[in-house]
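First up is the structure itself, then whatever we jot down about it.
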Amino acid sequence: MHKNLLDFPPVSDKRLRIRRLLTLDVTALQRLTNDPSITNVVHFLPTPFTERDALELLGTQNENNCFLGAWRNEDLIGVVGIHLHGEDFLEIGYWIGTRFQGQGYAYEAASAVIAELKRLYRTLEITAECRLENAASWKLLQKLGFRSTGERGHRPGRELLVMRHASIR
């Protein structure tokens with residue numbers, strides 16, 4: 001089994017290239033993320049989100065935590081975080097830049113990452129957490145094949161969702 005998330009391979013589809021974010025991406029990450037509509041819902045992101053914050057976020061990457069950038073041409077349009085929790089499960093989370101929302105990019109990026117996670121980690125369960133009031137994200141997670149467990153997530157105000165085994169291949 002593939003163990004180090006820092007080795008997550010780049011993936012591409014018809015519109016996006018997805019790869020691990022690097023130090024050279026700090027400015028693009030800061031520009032994308034420094035938006036209260038993002039920082040107010042992603043609990044670990046400060047407002048304002050500075051280049052120093054972007055650099056610190058990238059510094060948290062390790063074999064169990066990785067942030068992937070979703071690129072459309074030269075534009076960073078979103079981030080997909082993947083987190084390995086012990087030997088049991090992987091967690092996925094994401095944010096998409098405001099001007100890129102509503103165009104299918106979140107689904108496209110998340111489904112490409114999930115397909116690769118399923119290939120690399122065949123035996124691990126994939127989870128996500130979402131606030132009930134975040135209707136758009138909740139709908140997206142359901143479209144991706146996640147179902148609510150009815151349990152609270154580890155983060156404040158969030159509910160735990162688990163991916164059905166037959167979803168996205």
Side-chain angles (χ1 to χ4, degrees), residues 1-13 16-23 25-26 29 32-33 38-46 49 52-71 76 78-96 105-134 136-169:
M1 179 182 358
H2 187 271
K3 289 284 188 187
N4 189 339
L5 291 180
L6 293 178
D7 295 333
F8 191 88
V11 293
S12 296
D13 67 10
L16 300 176
R17 288 178 299 106
I18 301 165
R19 64 164 174 78
R20 185 167 69 89
L21 288 169
L22 306 169
T23 305
D25 302 318
V26 164
L29 177 59
L32 173 79
T33 306
I38 293 172
T39 59
N40 288 342
V41 295
V42 181
H43 81 284
F44 57 84
L45 298 175
F49 188 79
R52 181 184 198 118
D53 295 321
L55 192 58
E56 287 177 9
L57 180 67
L58 295 179
T60 66
Q61 296 186 107
N62 59 40
E63 65 184 18
N64 297 319
N65 297 290
C66 184
F67 292 97
L68 306 168
W71 301 85
L76 178 64
V79 174
V80 179
I82 51 178
H83 313 284
L84 181 61
H85 296 282
E87 296 294 320
D88 299 325
F89 67 96
L90 285 156
E91 180 183 7
I92 187 170
Y94 52 84
W95 64 90
I96 299 295
Y105 290 120
Y107 179 82
E108 201 171 315
S111 61
V113 170
I114 288 167
E116 190 65 15
L117 288 172
K118 285 184 167 196
R119 188 182 72 77
L120 296 171
Y121 296 92
R122 297 177 193 276
T123 62
L124 296 185
E125 192 168 58
I126 300 173
T127 67
E129 291 186 8
C130 188
R131 291 180 181 175
L132 289 172
E133 65 271 13
N134 188 344
S137 191
W138 195 264
K139 183 177 177 182
L140 173 63
L141 288 167
Q142 289 180 323
K143 183 177 177 181
L144 287 165
F146 286 90
R147 295 296 176 254
S148 174
T149 64
E151 300 173 28
R152 289 184 185 177
H154 294 95
R155 290 168 191 84
R158 286 163 176 76
E159 191 164 312
L160 180 66
L161 295 98
V162 176
M163 177 160 278
R164 293 187 323 233
H165 293 292
S167 301
I168 302 178
R169 293 181 186 208

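This structure is a prediction, so every number in the text was calculated from the model and none was measured.
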Query raised in the report: Would you say the side chain of Leu140 lies within less than 4.5 Å of the side chain of Phe146, judging by non-hydrogen atoms?
Result: no
Query raised in the report: Checking Thr127 side chain against Leu90 main chain: does a donor-acceptor pair fall under 3.5 Å?
Result: yes
Report task. Could you check if a side-chain atom of Val113 sits within less than 4.5 angstrom of a side-chain atom of Ile82, using non-hydrogen atoms only? Result -> yes
Report summary line: For Ala128 and Glu91, the nearest pair of non-hydrogen atoms, with its separation, is CA-CG, 4.4 Å
Query raised in the report: What distance do Leu141 atom CG and Lys139 atom NZ have between them, rounded to the nearest 0.5 Å?
Result: 12.5 Å
Requested in this report: Please report the shortest heavy-atom distance between Leu76 and Gly69, naming the atom on each side.
Outcome: CD1-CA, 3.6 Å
Query raised in the report: Taking the side chain as C-beta and beyond, is there a heavy-atom pair between Trp95 and Val41 under 4.5 Å?
Result: no
Query raised in the report: Can you find a pair of side-chain heavy atoms, one from Leu5 and one from Asn65, that are under 4.5 Å apart?
Result: no
Query raised in the report: Just how far is it from atom CG of Leu68 to atom CD1 of Ile92, taken to the nearest 0.5 Å?
Result: 8.0 Å
Requested in this report: Applying side chain to side chain donor-acceptor pair (under 3.5 Å) between Glu129 and each of His43, Arg158, His154, report the one that passes.
Outcome: His154
Query - Gln61 (side chain) donor-acceptor with Leu6 (main chain) under 3.5 angstrom - result: no
**Report entry** Arg152 atom CZ: more than 12 heavy-atom contacts under 6.0 Å
**Finding:** no
Report summary line: Output for pair (Asn4 CG, Leu84 CG), nearest 0.5 Å, gives 9.5 Å
Query raised in the report: Gly81 and Phe67: which non-hydrogen atoms are nearest, and at how many Å?
Result: CA-CD2, 3.9 Å
Report summary line: Closest non-hydrogen contact found for Glu116 with Pro9 is OE2-CG, 3.2 Å
Report task. Compare every heavy atom of Ile18 with every heavy atom of Ala112, then report the nearest pair and how far apart it is. Result -> CB-CD1, 3.9 Å
**Report entry** Euclidean distance, Leu160 CG relative to Arg147 CZ, rounded to 0.5 Å
**Finding:** 14.0 Å
Report summary line: Rounding to 0.5 Å, atoms CG (Leu58) and SG (Cys66) come to a distance of 9.5 Å
Query raised in the report: Would you say Trp71 and Leu21 make side-chain contact, with heavy atoms under 4.5 Å?
Result: yes
Requested in this report: Measure the OG-NZ distance between Ser111 and Lys118 for me, rounded to the nearest 0.5 Å.
Outcome: 11.0 Å
Query raised in the report: Within a strict 4.5 Å, meaning less than it, do heavy atoms of the Lys143 and Trp138 side chains meet?
Result: no
Report task. Taking all heavy atoms of Ile38 and all of Ile96, pick out the closest pair and write down the distance. Result -> CD1-O, 3.8 Å
Query - Backbone N/O of Leu22 and side chain of Asp25: donor-acceptor pair under 3.5 Å - result: yes
Query raised in the report: Phe89 versus Val162: any side-chain heavy-atom pair under 4.5 Å?
Result: no
